[in-house]
Number of protein chains: 2
Amino acid sequence: MTQLSPLTRKLSAFVALSPADLSTLARFDQRRRTFLCGHQLVHEGQRNASAFVLSDGWVCSYKILPDGERQIVDFQIPGDFLGLRSILFRTSDHTVEAITRIQASEVLAADIFDAFENAPRLATAVLWAASRDEAMVVEHLVNLGRRPADVRMAHFLLELATRLHLVGVGDRTGFTCPLTQYHLADALGLTAVHVNRVLRLLREAGLVTFQKGRVTFNDFNGLVALAGFDTGYLDQDGPLLR
Amino acid sequence: MTQLSPLTRKLSAFVALSPADLSTLARFDQRRRTFLCGHQLVHEGQRNASAFVLSDGWVCSYKILPDGERQIVDFQIPGDFLGLRSILFRTSDHTVEAITRIQASEVLAADIFDAFENAPRLATAVLWAASRDEAMVVEHLVNLGRRPADVRMAHFLLELATRLHLVGVGDRTGFTCPLTQYHLADALGLTAVHVNRVLRLLREAGLVTFQKGRVTFNDFNGLVALAGFDTGYLDQDGPLLR
DNA sequence: CGAACCTTTGAGCGTCCTCAACCTGCGTGG
DNA sequence: CCACGCAGGTTGAGGACGCTCAAAGGTTCG
């Protein structure tokens with residue numbers, strides 16, 4: 001099981017892939033390259049940007065506002081596609097940047113379209129992954145629109161834990177996490193100062209601890225209750241197509 | 001031009017469709033039905049939900065939180081797909097509800113997959129439409145995360161005007177709009193009371209007037225400047241594939 | 001003609017922001 | 001080896017934006 005790439009592992013949780021599908025999928029991950037922390041794989045306004053599959057490390061995608069403020073739209077972890085949405089756009093509407101040193105493989109639009117023609121099951125799985133990414137953005141939007149800061153933070157950490165679990169990282173006790181409080185602030189629509197206070201509150205309430213690059217769940221069920229967290233939108237109750 | 005359906009009109013702005021594509025596309029709009037205001041075409045938790053193409057009227061899609069609060073994720077106008085994202089999901093993660101009396105046609109998953117096999121150009125256009133929808137959700141997220149209430153409102157109204165324009169409704173002077181201040185509040189993450197105050201501010205500043213079911217732009221350029229509005233993410237600079 | 005829904009306005013309050021200072025750990029260079 | 005710079009984290013004080021609660025007027029539709 002540890003042999004499987006994170007992407008294979010994730011897609012297999014949704015669709016049972018044939019050996020042929022698996023070999024087509026393996027081609028997505030052929031041109032694997034290493035990028036340094038801070039490298040921008042795609043930048044806002046770039047024309048004919050590529051897509052990638054992330055195999056190791058953490059990435060974030062964000063937009064910059066006219067006043068220089070940043071809103072992080074999503075974080076990507078191993079097994080996630082990068083820049084898939086904009087593959088049909090003339091210019092990219094967002095930036096994709098490595099948070100850690102990462103490994104990623106470029107995926108050409110042709111690879112995707114080829115899969116649609118020759119591996120419909122795999123294509124379905126890719127569409128499912130894209131739909132799931134969008135569902136996460138939607139849930140993130142709900143988070144920003146209607147939840148107070150502490151609940152927002154709780155929900156965010158639980159989603160991250162759930163996503164990581166699906167690709168075999170971390171467990172109910174916690175996970176290692178390279179994000180800074182600035183990352184959290186820019187993702188959650190808060191200031192870094194307020195993020196710090198919220199984290200203190202959650203820690204003092206005995207729910208989670210976010211320190212020294214590690215998230216520790218001190219009371220997982222309590223956190224789920226606070227966040228009103230329901231994994232439904234992640235749609236990972238086991239393979240749909242067998 | 002008025003003969004074209006809104007969907008055809010929208011997709012044609014991106015891809016030049018062949019007569020064969022157009023006839024396949026026409027099949028999406030065969031089972032046209034009328035639904036009353038308030039009807040839920042899809043509801044949260046529904047299993048094996050359908051997708052639709054909206055040909056007339058306005059629709060909103062939203063999620064309800066445990067405490068009963070509502071977050072509207074997006075509004076759909078003629079030419080938009082409804083529930084496309086969840087077509088691969090076991091259960092729908094959101095509700096789709098008519099705001100006015102509407103006309104919409106059910107699109108079966110099979111229709112979509114059939115298009116992928118037999119009308120690759122059309123399939124590309126559908127994927128583009130889905131990507132554009134996602135880009136709008138992302139911009140909405142940025143709106144909630146990083147913009148103050150007045151700018152948020154200004155940006156929202158401008159996006160709506162731009163989308164309507166693409167399907168042939170309204171112009172730079174304004175458009176008719178069936179939304180209530182409660183709809184605006186639930187979309188923008190504000191309360192209806194505050195929405196009312198913000199609308200008054202914008203009106204008194206001579207920028208927009210939102211009254212009696214009509215949005216009137218009193219100073220379009222001023223509003224664009226306030227919102228920092230850039231249509232880039234809507235990707236509608238004319239056909240990409242000819 | 002009444003009821004439900006929508007809009008409008010006021011007063012007071014709380015969450016989250018701003019500004020500011022200080023601390024820690026770490027890498028770099030003198 | 002220490003000096004320094006810098007990124008990240010922590011805490012306090014004060015203020016603003018948007019919320020809550022409340023009430024009343026307008027509009028639409030059965």
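The interatomic distance linking B/Phe210 (CZ) with C/dC6 (P) rounds to 12 Å, in whole Å. Atom C1' of nucleotide C/dC16 and atom CG of A/Leu184 are separated by 16 Å, given to the nearest angstrom. Atom OH in A/Tyr182 sits about 8 Å away from atom C1' in D/dA7, given to the nearest Å. For the pair B/Lys212 NZ and D/dG26 P, the interatomic distance rounds to 10 Å; values are reported in whole Å. Going from atom CD of B/Gln211 over to atom C1' of C/dT8 covers 11 Å, rounded to whole Å. The distance between atom CZ of B/Arg203 and atom P of C/dT7, rounded to the nearest whole Å, is 11 Å. With rounding to whole Å, A/Leu199 atom CG is found 13 Å from C/dC16 atom P. The CG atom of B/Leu202 sits 16 Å away from the C1' atom of C/dT8 (whole-angstrom rounding).
For the pair B/Arg146 (side chain) and A/Arg70 (backbone), a donor-acceptor distance under 3.5 Å is present.
The one candidate from A/Asp93, A/Asp80, A/Asp133 that meets the salt bridge (charged side-chain N to carboxylate O under 4.0 Å, His left out) condition with A/Arg85 is A/Asp93.
Dashed line: the shortest gap from a side-chain N or O of A/Asn196 to OP1 or OP2 of D/dT10 is under 4.0 Å. For D/dA7, neither phosphate oxygen OP1 nor OP2 lies less than 4.0 angstrom from any side-chain nitrogen or oxygen of A/Gln181.
The residues A/Glu69 and A/Lys63 are annotated as not salt-bridged, no charged nitrogen and carboxylate oxygen being separated by less than 4.0 angstrom. By the 4.0 Å N-to-carboxylate-O rule, A/Arg32 lies too far from A/Glu106 to be salt-bridged with it.
Below 30°, between 30° and 60°, or above 60°: for B/Tyr233 and B/His155 the angle between ring planes is below 30°, a parallel geometry.
Between B/Tyr62 and B/Ile64 the shortest side-chain heavy-atom distance falls below 4.5 Å. Within the 4.5 Å cutoff, the side chain of A/Leu54 has heavy atoms near those of the A/Ile102 side chain.
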Anything under 3.5 Å between a protein N or O and an N or O of nucleotides 18-20 of chain D, put it in a table, one pair a line.
{"from": "D/dG18", "atom 1": "OP1", "to": "B/Ala149", "atom 2": "N", "distance (Å)": "2.9"}
{"from": "D/dC19", "atom 1": "OP1", "to": "B/Thr191", "atom 2": "N", "distance (Å)": "3.3"}
{"from": "D/dC19", "atom 1": "OP2", "to": "B/Thr191", "atom 2": "N", "distance (Å)": "3.4"}
{"from": "D/dC19", "atom 1": "OP2", "to": "B/Thr191", "atom 2": "OG1", "distance (Å)": "3.2"}
{"from": "D/dT20", "atom 1": "O4", "to": "B/Arg197", "atom 2": "NH2", "distance (Å)": "3.4"}

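In this structure, the nucleotide among D/dG12, D/dG9, C/dT7 sitting nearest to the side chain of A/Arg200 is D/dG12.
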